Structures are given as C-alpha cells and as structure tokens.
Amino acid sequence: MKFKQKHTLMALVTLTLIASGCTGGGGGEGSGENAAGTNPIQATSFSASPNPAPNGNSVTFTLELSNNGNVDAENVVGKLWNPPFADGKDDTRTWRDSDEGGVSTADRSFSFGELRGQQEGVETFAQPQTLTLTAPSLSEGQSFPYNFRAEYTYKYSTDGTTTITVMDGDTYRESNSEKSQTVSISHNSAPITLEGQLLTGNPIVYYEGDSPPKTPKFCVVASNEGGGTVFSNPTGEDIYSPNGENTPGEYTYEDNENEVKLTVTSVGGTGVKDSGDGDSSFGNTAEATVELVSGEEARKCFELEVGSLANSGDQKEIGPINVNADYGYSESTATEVTVNSR
C-alpha cells in the first residue's frame with residue numbers, strides 16, 4: 001500500500017504529545033506501547049519535571065536514548081507534537097514556550113545527533129536531551145492529566161553477509177545432502193531482519209555437461225520485527241537532513257513509508273543484478289527499494305552469475321555476499337504529566 005499523503009516528521013526522534021481526557025490514565029514514566037526489547041535503540045527514560053506541575057510553571061521534558069547495537073544511529077532528532085500548543089502569549093490554557101509565548105517548531109524540537117553503537121572495549125552511555133515548556137494555566141481548583149507519547153525515530157541499517165556453496169555433480173551425489181532454498185544471512189541486531197532464498201536450492205550443482213555461468217535467483221526477505229514504523233527514501237533526496245535552520249530536525253517525506261533500500265554486493269568473481277530490471281547487467285552491486293506489505297515483510301529477487309568450478313576442485317564457497325538494508329525507523333514510549341491549578 002502506498003501512502004500518497006505528504007507527511008512531516010521529525011527525523012529521527014519524533015515526540016508525540018497528546019493531551020489526555022479528564023479521566024487521565026495512560027502509561028507512567030517508561031511505559032511504551034511499541035517498545036521492543038530486542039531493538040538496539042532504546043528509550044531508557046522519558047519524563048517531565050516537576051510532575052505534578054504547578055499551574056502555569058515551567059516543565060522540563062527529558063528523553064534519554066541508548067544504542068545497544070553495534071551500528072551507529074544517525075540524525076537522531078526530536079519534536080513534540082499534537083498537544084494544545086499556544087499560538088501566542090494570550091493562549092494561556094495551552095502549552096507555551098519557556099517565555100510563555102507561542103510554540104514554534106524550534107521550541108518543541110531537540111537533537112541527539114548521532115548515537116554511537118557499542119564497540120569492544122569502549123563504554124557507551126545513554127544520551128539525554130531536554131526542552132522546557134510552560135504548563136497551561138487552569139481555572140482554580142482544576143487538575144488535568146496530559147498523556148505524553150514519545151515517538152523516537154532514527155536512521156539505521158541492517159548489515160548482513162552470507163555465502164553460497166558450489167559443487168560438482170559427483171560430489172553432490174556422494175554427499176547425500178538435500179538442497180535448501182533457505183540461505184542464512186548473518187547480520188547485526190536490528191528492527192529489520194534479513195533472510196536469503198536461493199530458488200534453485202543451495203548448493204548450486206554443476207553436473208557434467210553444464211555450461212557456465214549459472215544464473216540462479218537470490219531473493220532477500222526483509223521483515224519488520226521491531227514493532228515500529230519503517231520508511232525509506234526512493235526519491236534520492238536527502239530526507240534525513242533538516243529542511244532549514246529554523247526548523248531543526250524537521251523533514252518531509254512522501255510515498256516512502258514502509259519501504260527499505262536493499263543492496264546486494266558480491267565480493268569476488270560472482271556477479272549480481274536486479275532480476276526485475278531487464279536493462280541491467282551483472283556487476284558487483286545491485287540495489288532496489290522495496291515496500292513491506294502492511295509494513296511487515298517484503299521479498300526482492302536478484303540474480304547471481306556463478307562461474308564453474310574450474311581450478312577450484314570439486315567444491316567451493318562463493319562470497320562473501322553482503323546484503324544491506326538502509327532505512328529510517330520509528331518507535332514509541334509514553335509518560336503522563338498532571339497540571340494542578342494554584
């Protein structure tokens with residue numbers, strides 16, 4: 001499904017602020033609807049202080065993120081949205097900026113920049129970012145809870161590698177093994193997982209009389225296992241950068257929700273190309289942007305060019321074949337703030 005509506009996001013931590021109903025409810029600090037414990041980027045804390053907040057006083061919001069993976073998360077920035085924000089100083093019953101005036105995009109935005117991945121022997125820490133707003137001025141005797149939903153988003157990649165076996169016919173028959181279409185792709189911890197499929201089966205077998213090269217289809221299955229929202233950039237424009245100095249971190253994307261960019265790179269003499277592109281030729285690298293059906297899974301087939309076993313004995317491993325997915329990713333957490341009138 002394509003999304004034709006133009007979206008404006010905070011790439012790459014978007015904080016959603018939603019005023020709750022009078023009955024309150026919602027999660028306390030640290031609760032999160034879509035938080036996935038296996039995802040490398042985690043919201044270790046999302047809070048407001050003071051809480052409860054006195055009527056019309058300053059409230060500081062803190063979001064703390066950590067990167068527990070081994071790949072850097074890039075362009076991590078944030079934005080509060082969807083509460084009753086003020087247009088000016090007279091709008092006292094809504095959330096205002098720290099000077100009690102209207103709230104601009106910059107007033108409700110903050111940037112994490114890059115969250116470095118874990119490296120052996122190097123200790124990394126969770127990174128907090130804060131911003132300050134002025135709580136609404138309620139009528140005397142009123143107390144009102146606000147549900148703050150934090151949707152944090154980041155640019156990330158799944159970096160995988162695999163190999164494929166090539167055998168001659170006699171060796172394959174003597175092995176008594178069966179071909180498998182499943183090809184395991186070893187990759188880093190990431191919300192988008194990758195699995196390979198060799199449609200003719202692995203190993204690739206050269207029987208007597210077969211003429212090289214063989215050109216089997218190698219398919220990549222990308223699955224959204226993180227519970228969040230994925231998006232890519234098929235237009236080639238740099239959507240991961242802010243659109244202007246006055247709107248830090250805000251960017252616009254269109255028609256690319258639920259998409260990832262896949263790249264297959266063959267190291268060595270094996271060629272690769274996009275099997276769906278009749279004009280393409282074999283080379284070292286092939287790439288394609290694919291849409292995950294219902295935001296869950298996509299399957300894209302490439303074509304390999306595999307030479308014979310000449311000068312390689314009766315069996316060889318071809319590779320490494322590197323398989324990479326690049327994308328933006330959004331997850332969420334929540335907290336609640338109560339405003340009390342004086």
Side-chain angles (χ1 to χ4, degrees), residues 1-3 5-18 27 30-46 61 63-69 71-83 105 108-115 117 127 129 147-158 189-193 222-234 238-243 247-261 289-298 325-335:
M1 176 179 180
K2 289 283 186 178
F3 291 80
Q5 181 181 2
K6 193 170 186 180
H7 300 269
T8 299
L9 261 185
M10 277 321 288
L12 295 153
V13 174
T14 305
L15 295 177
T16 309
L17 179 59
I18 304 173
S31 67
E33 292 181 10
N34 298 329
T38 58
N39 284 1
I41 309 302
Q42 294 286 306
T44 53
S45 177
F46 176 47
F61 296 90
L63 178 67
E64 184 177 84
L65 299 179
S66 65
N67 185 351
N68 299 321
V71 173
D72 296 342
E74 301 176 19
N75 295 50
V76 186
V77 298
K79 176 185 176 184
L80 292 171
W81 58 292
N82 277 359
T105 300
R108 53 193 176 108
S109 302
F110 48 122
S111 175
F112 288 81
E114 182 181 62
L115 290 179
Q127 299 295 319
Q129 288 292 329
N147 249 350
F148 286 81
R149 178 179 163 96
E151 188 176 81
Y152 52 99
T153 314
Y154 46 92
K155 180 183 177 183
Y156 209 66
S157 65
T158 305
S189 174
I192 301 298
T193 62
S223 301
N224 184 357
E225 301 290 348
T229 300
V230 64
F231 60 93
S232 187
N233 180 25
D238 188 4
I239 63 167
Y240 299 120
S241 296
N243 280 339
T247 55
E250 187 173 27
Y251 66 99
T252 301
Y253 71 97
E254 188 173 10
D255 294 339
N256 61 345
E257 192 169 351
N258 296 330
E259 294 184 347
V260 301
K261 179 182 177 182
T289 297
V290 297
E291 181 179 7
L292 279 67
V293 178
S294 300
E296 296 177 358
E297 185 176 281
D326 294 293
Y327 47 88
Y329 204 80
S330 295
E331 304 174 66
S332 65
T333 186
T335 193

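This structure is a prediction, so every number in the text was calculated from the model and none was measured.
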>> Just by distance, no angles: are the side chains of Tyr329 and Asn39 close enough, under 3.5 Å, to form a donor-acceptor pair?
In response: no
> Can any side-chain N or O of Asn258 pair as donor or acceptor with the backbone N or O of Leu292 at less than 3.5 Å?
Replying inline: no
> Nearest 0.5 Å, what's the OG-OH distance between Ser330 and Tyr152?
Replying inline: 10.0 Å
> At their closest point, which heavy atom of Pro40 faces which heavy atom of Pro191, and how far apart are they?
Replying inline: CD-CD, 3.9 Å
> Can you list the steps and then say if Thr289 with Glu259 is a side chain to side chain contact (heavy atoms under 4.5 Å, CB included)?
Replying inline: CA-CA 7 Å; Thr289 297; Glu259 294 184 347; 3.6 Å; yes
>> Any donor-acceptor pair under 3.5 Å linking the side-chain atoms of Thr44 with those of Glu64?
In response: yes
>> Quick check: closest heavy atoms across Thr193 and Ala190, and the distance to 0.1 Å?
In response: CG2-O, 4.1 Å
>> Can you list everything that forms a side chain to side chain donor-acceptor pair (under 3.5 Å) with Gln127? Sequence neighbours excluded, please.
In response: none
> How long is the gap from CG on Asn68 to CD on Gln42, to the nearest 0.5 Å?
Replying inline: 6.0 Å
>> My understanding is that only residues two or more places apart in sequence, or in another chain, count here; which of them pass side chain to side chain contact (heavy atoms under 4.5 Å, CB included) with Ala73?
In response: Ile41, Asn67, Val76, Leu115, Tyr154, Tyr156
> Among all residues two or more places apart in sequence or in another chain, which pass the side chain to side chain donor-acceptor pair (under 3.5 Å) test with Ser157?
Replying inline: Asp159
>> Under the criterion side chain to side chain contact (heavy atoms under 4.5 Å, CB included), I'd like the reasoning laid out for Val290 against Val260: C-alpha separation, chi angles, the key distance, then a yes or no.
In response: CA-CA 6 Å; Val290 297; Val260 301; 3.6 Å; yes
> Can a donor-acceptor pair be found between the side chains of Glu297 and Ser223 at a distance below 3.5 Å?
Replying inline: yes
>> Under a 3.5 Å distance rule, please check whether Thr158 uses its side chain to pair with a backbone N or O of Ile192 as donor and acceptor.
In response: yes
>> Give me the atom names and distance for the closest heavy-atom approach of Thr333 to Ala43.
In response: CG2-CB, 3.8 Å
